[in-house]
Amino acid sequence: MKQWAESLWRNKRLSLAEALEFPEPTKAAVVDTRTCRFPLPGAQLSVVDTFLQEAIKLRCSETLQTKKPRFTYPAEEQKPSAMEKWSLLGSTALVTGGTKGIGRGIVEEMGGLGAAIHTCSRNQSDLDASLQQWRSAGLKVTGSTCDVSSPADREKLMEEVKSTFDGKLNILVCNAGTGVVKPAVEQMAEDYKLVMSTNLDSSFHLSQLAHPLLKASGNGSIVLISSIGASIAVDGLSVYCASKGAVNQLTRSLACEWPRDNIRTNCVAPGSIKTPLLAMDDESLAMRRRRIPAGRIGEPEEVAALVAFLCMPGARYINGQVICADGGRTINGNI
């Protein structure tokens, strides 16, 4: 097959039969078949070249009409002001697992930046106490009980969010997670099910349920909370690390599918952070600190600041990224 005919066929501009019917066109036209661009007006073209270009142009226009663009850019007048870039004022957010640890830090960080937030917890008393504290601090936070490992609870949660925010949601932060510390050979089926349903299934299902609300807002942002355990091995956490690795890939997949609906998806992967899940003796903590170039364990608010940034208008071109907040642990080769 001639090179130019093969180019037409492989680039899907013409069928194989159509491509073989045409004599070899000019060099300019061959370039055009690959780029869907056409020579400037006045270019010297033969009758065959002109007909060929019209055929290609038709094919290109059909493709462009049937496929939505992956990204839409705001009009010039819609660009945020300097103040709006670094604010969440007027935004609505759902943050799962918001009464403790990193989740609590995220609620307080985003609430302080002006967002109205709905959060959830499995424990009603913890939720009530936290809501009282936030209201006293002037934060706009509502909440409900939810076990994110339960599909029914997830659906109920999203219905409450829909009602609270009038069918629109700007931000979804899937923070709730768990782990079972056991050697791989001792991990039971129920351990696997609990970890996967809490860490991975909930992130995927809540993103699905939130999609129409995020789309309706016209400016949606999803932040999934992963872990550096998705990148490095941690003894006793084989299932946990596998679930977080899947969360990282889910981030990339949604980031490619949903920008056409004005929804961005990113992921934050914390390292060692002072939370109830980080229960270690002094010797183990000292060993962990030695492996962190920053020389210390992180604070929940240091992760929360990154999550809030990713949801701001100033971060609107950041999409599909997995960003570690670990004091440099994952890049340290000095053991």
Side-chain angles (χ1 to χ4, degrees), residues 95-110 112 119 121-123 125-126 129-130 133 148-149 173-188 191-192 194-196 198-200 202-203 223-248 266-310 321-335:
V95 180
T96 64
T99 59
K100 296 179 181 178
I102 293 172
R104 187 181 185 91
I106 294 169
V107 169
E108 295 176 355
E109 182 76 18
M110 297 177 74
T119 190
S121 171
R122 290 177 298 178
N123 188 297
S125 60
D126 285 349
S130 296
Q133 292 168 3
V148 297
S149 68
V173 181
C174 292
N175 164 76
T178 192
V180 177
V181 184
K182 289 181 181 178
V185 294
E186 296 179 14
Q187 295 276 355
M188 307 299 290
D191 299 328
Y192 183 91
L194 172 65
V195 173
M196 285 297 180
T198 304
N199 297 354
L200 177 59
S202 69
S203 294
V223 179
L224 306 181
I225 304 301
S226 176
S227 166
I228 63 170
S231 304
I232 60 175
V234 182
D235 286 349
L237 287 173
S238 56
V239 178
Y240 173 84
C241 292
S243 73
K244 294 302 187 178
V247 168
N248 288 2
N266 290 290
C267 182
V268 171
S272 297
I273 307 296
K274 293 178 184 176
T275 71
L277 291 178
L278 190 68
M280 292 184 173
D281 56 50
D282 291 343
E283 183 179 351
S284 298
L285 281 174
M287 180 180 295
R288 185 164 290 202
R289 281 195 295 269
R290 284 196 297 271
R291 294 179 174 178
I292 302 172
R296 62 180 177 84
I297 304 299
E299 301 287 344
E301 56 265 31
E302 293 174 308
V303 179
L306 174 56
V307 174
F309 164 72
L310 289 171
Q321 303 306 303
V322 178
I323 305 175
C324 294
D326 64 353
R329 170 66 181 90
T330 51
I331 55 88
N332 185 19
N334 303 305
I335 304 301

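Excluded from the calculations below are hydrogen atoms, water molecules and symmetry mates; all remaining heavy atoms, backbone and side chain alike, are included.
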#### Entry: Full working for side-chain contact (heavy atoms from CB on, under 4.5 Å) between Thr96 and Ile225
CA-CA 10 Å; Thr96 64; Ile225 304 301; over 6 Å; no
### Task
Check Cys324 against Ile228 and note the closest heavy-atom contact, atom names and distance.
SG-CG2, 4.1 Å
### Query
If you round to the nearest 0.5 Å, how far is NZ of Lys100 from CG of Asn175?
12.5 Å
### Query
Got a second to check how far Thr119's OG1 is from Met110's CE, nearest 0.5 Å?
10.5 Å
### For Cys267 against Val247, the heavy-atom pair lying closest together
SG-CG1, 4.3 Å
Extract all donor-acceptor atom pairs below 3.5 Å that involve side chains of residues 101-108 and protein atoms in other chains or at least two apart in sequence.
unit_1, atom_1, unit_2, atom_2, d
Arg104, NE, Glu108, OE2, 3.1
Arg104, NH1, Thr99, O, 3.3
Arg104, NH1, Ser130, OG, 2.8
Arg104, NH2, Gln133, OE1, 2.3
Glu108, OE2, Trp134, NE1, 3.1

### Message
Suppose the criterion is salt bridge (Lys or Arg N to Asp or Glu O under 4.0 Å): which pairs have a residue in residues 268-277, not counting sequence neighbours?
### Response
Lys274-Glu299
### Query
Step by step, would you call Val195 with Gln187 a side-chain contact (heavy atoms from CB on, under 4.5 Å)?
CA-CA 11 Å; Val195 173; Gln187 295 276 355; 5.7 Å; no
### side-chain contact (heavy atoms from CB on, under 4.5 Å) against Arg289, all qualifying residues, sequence neighbours excluded
Leu285, Ala286, Ile297
### Message
Arg296: which residues meet the salt bridge (Lys or Arg N to Asp or Glu O under 4.0 Å) condition with it, sequence neighbours left out?
### Response
Glu302
### Query
Tell me, do Val268 and Val303 make a side-chain contact under 4.5 Å, heavy atoms counted?
yes
### Task
Compare every heavy atom of Ala308 with every heavy atom of Glu109, then report the nearest pair and how far apart it is.
CG-CB, 3.9 Å
### Message
Just verifying a value: how many Å separate Leu310 CG and Leu224 CG, rounded to the nearest 0.5 Å?
### Response
11.0 Å
### Query
By salt bridge (Lys or Arg N to Asp or Glu O under 4.0 Å), which residues pair with Glu301, not counting sequence neighbours?
none
### Message
My understanding is that only residues two or more places apart in sequence, or in another chain, count here; which of them pass side-chain hydrogen bond (donor to acceptor under 3.5 Å, both in side chains) with Ser243?
### Response
Asn199
### Query
Distance from Arg291 atom CZ to Ile232 atom CD1, nearest 0.5 Å?
8.5 Å
### Query
Who passes side-chain hydrogen bond (donor to acceptor under 3.5 Å, both in side chains) against Thr330, sequence neighbours left out?
Asp326
### Task
Please step through side-chain contact (heavy atoms from CB on, under 4.5 Å) for the pair Ile323 and Asn266, ending with a clear verdict.
CA-CA 8 Å; Ile323 305 175; Asn266 290 290; 5.8 Å; no
### Query
Can you list every pair that meets salt bridge (Lys or Arg N to Asp or Glu O under 4.0 Å) and has a residue in residues 174-187, with sequence neighbours left out?
Lys182-Asp191
### Task
Taking all heavy atoms of Asn334 and all of Asn332, pick out the closest pair and write down the distance.
N-OD1, 3.0 Å
### Task
Could you pull out all residues at least two apart from Thr198 that satisfy side-chain hydrogen bond (donor to acceptor under 3.5 Å, both in side chains)?
none
## Note on the structure
Heavy atoms of Ile292 and Ser272 approach each other most closely as CD1-CB, 4.2 Å
### Task
Scan for side chain to side chain donor-acceptor pair (under 3.5 Å) pairs involving residues 224-237, sequence neighbours excluded, and state none if there are none.
Ser226-Asn248
